[in-house]
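Computed from a predicted structure; not experimentally measured. Labels below follow one simple rule: chain letters A, B, ... track the order of the sequence lines, proteins then strands, and each chain is numbered from 1.
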There are 2 protein chains.
Amino acid sequence: MHPPAKPRPITRIQREKQDLILEAALEVFSLHGFRGATIDQIAEVAGMSKPNLLYYFPRKEEIHRRLMGELLVTWLAPLREMDENGDPFSEIRSYIRRKLEMARDFPRESRLFANEMLQGAPRIIEMIEVDLKNLVDEKAKVLLTWMDQGKLTRTDPYHLIFSIWATTQHYADFDVQVRAVLGPGRGGEGRFEDAARYLEQLFMFGLTPKTRA
Amino acid sequence: MHPPAKPRPITRIQREKQDLILEAALEVFSLHGFRGATIDQIAEVAGMSKPNLLYYFPRKEEIHRRLMGELLVTWLAPLREMDENGDPFSEIRSYIRRKLEMARDFPRESRLFANEMLQGAPRIIEMIEVDLKNLVDEKAKVLLTWMDQGKLTRTDPYHLIFSIWATTQHYADFDVQVRAVLGPGRGGEGRFEDAARYLEQLFMFGLTPKTRA
DNA sequence: GTCTATAATGTGATAGAC
DNA sequence: GTCTATCACATTATAGAC
């Protein structure tokens, strides 16, 4: 009946400005959370006027939604890569390494996620309950299989994943504290190397079956 | 010269109202961070009018400052209790247990702290750099001594403390996610028991010297 | 000492100019 | 299609009533 909806052309300037806004919003939302962030501040960081920003994203929530949608995909990628057919120890070890690298290279994304969690995840609870839960269930099953085969110490696979999340993301979310405690000497760029070494030791020894020790 | 400053009498009603406000502020700040929290909301939770609240705390920042000051003391208590003269393993084990109990019993305090960290700790950076750092330095030395004595696997004491913080606080700060992933079955009150068992296993095996294994 | 009316500013959103 | 002047309301804070 109707002619196909004219695919509204996305101009180059539209794409560019949207990217500018999302980049600025990531900066501000990750620091102050959804309610603490102001459109004004986002606009300033993006280098445009507040009303101009609102032309591209008519609502503050739209910006946040877009950000969270893109985030969860990249955020879960490291876990998704954990391969059932690989060697359990090297799979877990590289999962930890990838996750720590994300904390190092994308701390704002980590803080954005943490902020949403702290607030009770009101805007992404559905994604958490479906996409994230499904992925974790799947990988927990893989871990259990490895344990059944005696390749891994028998332990709770869910809490294992939680502890990997917690320890790695800590270096992004609590970065100020980490650097303050380590001081100028050991709080520099080397802190991620130290963390990597420590975490590998913590998890590997904790996971090594007694038959292997 | 001057007569001693008249110790302005703190009436019962003053104390009561201040406690009400601080209780409400904890609730709101822990969910939305400093900027995301509004006096209006705090007043509503506290059951009083906004201007009335501002009579007892003339500035929003005053409320937050008071909250943070009290927080850091109780927050570091578990670590402070770690006793140099005790048995390394039971000391660490009970430290982890105490910390996990705090996450269970005082999740709002945990989230309040996390919120401040995410924002770069602008209002408590000094306390972090002095009080917290000093305590951690002191306890790191204790851990190192234990390692020197061969009672503990040699590892980085700072990152060990970080990982205990991260894994335990995770159950308060990311509670929504934990419960969503565990589902109704294992996400109930038992989740803290499971976490305690898992964490003990993780850290103990990771810390057990090979000569003991 | 206790509390409220009201000011001053900040904030999200829109109607309309270019 | 792109952008800005402006509105309605929320928010912090104060001056002044009880």
Side-chain angles (χ1 to χ4, degrees), chain A residues 5-68 112 115-116 119 122-123, chain B residues 5-68 112 115-116 119 122-123:
Chain A
K6 184 152 62 174
R8 48 186 140 136
I10 293 169
T11 67
R12 186 180 54 80
I13 193 166
Q14 258 177 346
R15 164 63 67 183
E16 281 179 8
K17 293 245 170 176
Q18 285 193 4
D19 284 352
L20 261 175
I21 292 169
L22 289 172
E23 159 67 24
L26 172 61
E27 185 75 28
V28 179
F29 279 133
S30 71
L31 275 175
H32 299 288
F34 181 74
R35 279 183 33 176
T38 68
I39 296 186
D40 222 353
Q41 200 181 358
I42 298 173
E44 192 190 332
V45 175
M48 62 184 78
S49 75
K50 174 169 55 171
N52 188 7
L53 181 151
L54 282 164
Y55 166 66
Y56 293 100
F57 287 90
R59 313 190 136 268
K60 183 183 176 181
E61 199 164 347
E62 286 294 310
I63 313 176
H64 195 263
R65 189 198 312 278
R66 266 280 290 278
L67 231 38
M68 294 307 298
L112 176 66
N115 250 310
E116 186 68 10
Q119 290 157 33
R123 281 164 291 270
Chain B
K6 183 153 62 170
R8 47 185 142 138
I10 291 170
T11 67
R12 188 180 52 81
I13 192 167
Q14 260 177 345
R15 164 62 69 182
E16 280 178 9
K17 292 245 172 176
Q18 285 192 4
D19 284 353
L20 261 176
I21 292 169
L22 289 171
E23 160 67 22
L26 172 60
E27 184 76 27
V28 180
F29 279 134
S30 71
L31 275 175
H32 299 290
F34 180 75
R35 279 184 31 175
T38 69
I39 295 185
D40 219 354
Q41 201 181 356
I42 298 173
E44 191 190 332
V45 174
M48 63 184 75
S49 76
K50 175 168 53 173
N52 188 7
L53 181 151
L54 281 164
Y55 165 66
Y56 293 99
F57 288 91
R59 312 191 136 270
K60 181 184 177 181
E61 199 163 347
E62 286 294 310
I63 312 175
H64 194 262
R65 189 197 313 277
R66 267 279 290 277
L67 231 37
M68 295 306 299
L112 178 65
N115 250 312
E116 187 67 11
Q119 291 158 32
R123 282 165 290 271

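Taking only side-chain nitrogens and oxygens, B:K17 never comes nearer than 4.0 Å to OP1 or OP2 of C:dT2. The side chain of A:Q14 contributes no N or O atom lying less than 4.0 Å from OP1 or OP2 of D:dG1.
Residues from residues 18-45 of chain B placing a heavy atom under 4.0 Å of any atom in DNA chain D, listed by number, are B:A37, B:T38, B:I39, B:D40. Residues from residues 50-67 of chain B with heavy atoms under 4.0 angstrom of DNA chain C, sorted by number: B:P51, B:N52, B:Y55, B:Y56.
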Might you work through the salt bridge (Lys or Arg N to Asp or Glu O under 4.0 Å) test for B:R123 and B:E61, ending with a clear yes or no?
-> CA-CA 9 Å; B:R123 282 165 290 271; B:E61 199 163 347; 5.4 Å; no
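By the ring pair (Phe, Tyr, Trp, His ring centres under 6.0 Å) test, A:Y56 pairs with no residue at all, sequence neighbours left out. Under the side chain to side chain donor-acceptor pair (under 3.5 Å) criterion, A:R15 pairs with no residue, sequence neighbours left out. Residues meeting the ring pair (Phe, Tyr, Trp, His ring centres under 6.0 Å) test with A:H64, sequence neighbours left out: A:F29, A:F34.
Residues B:T38 and B:V28 share a closest heavy-atom pair of N-CG1, 4.4 Å.
Within the structure, side chain to side chain donor-acceptor pair (under 3.5 Å) contacts touching residues 39-55 of chain A (residues at least two apart or in different chains) are A:Q41-B:R35.
A 4.5 Å side-chain heavy-atom check between B:I21 and B:M48 finds at least one atom pair inside the cut-off. B:F57 is listed as a side-chain neighbour of B:L22, based on a closest heavy-atom distance under 4.5 Å.
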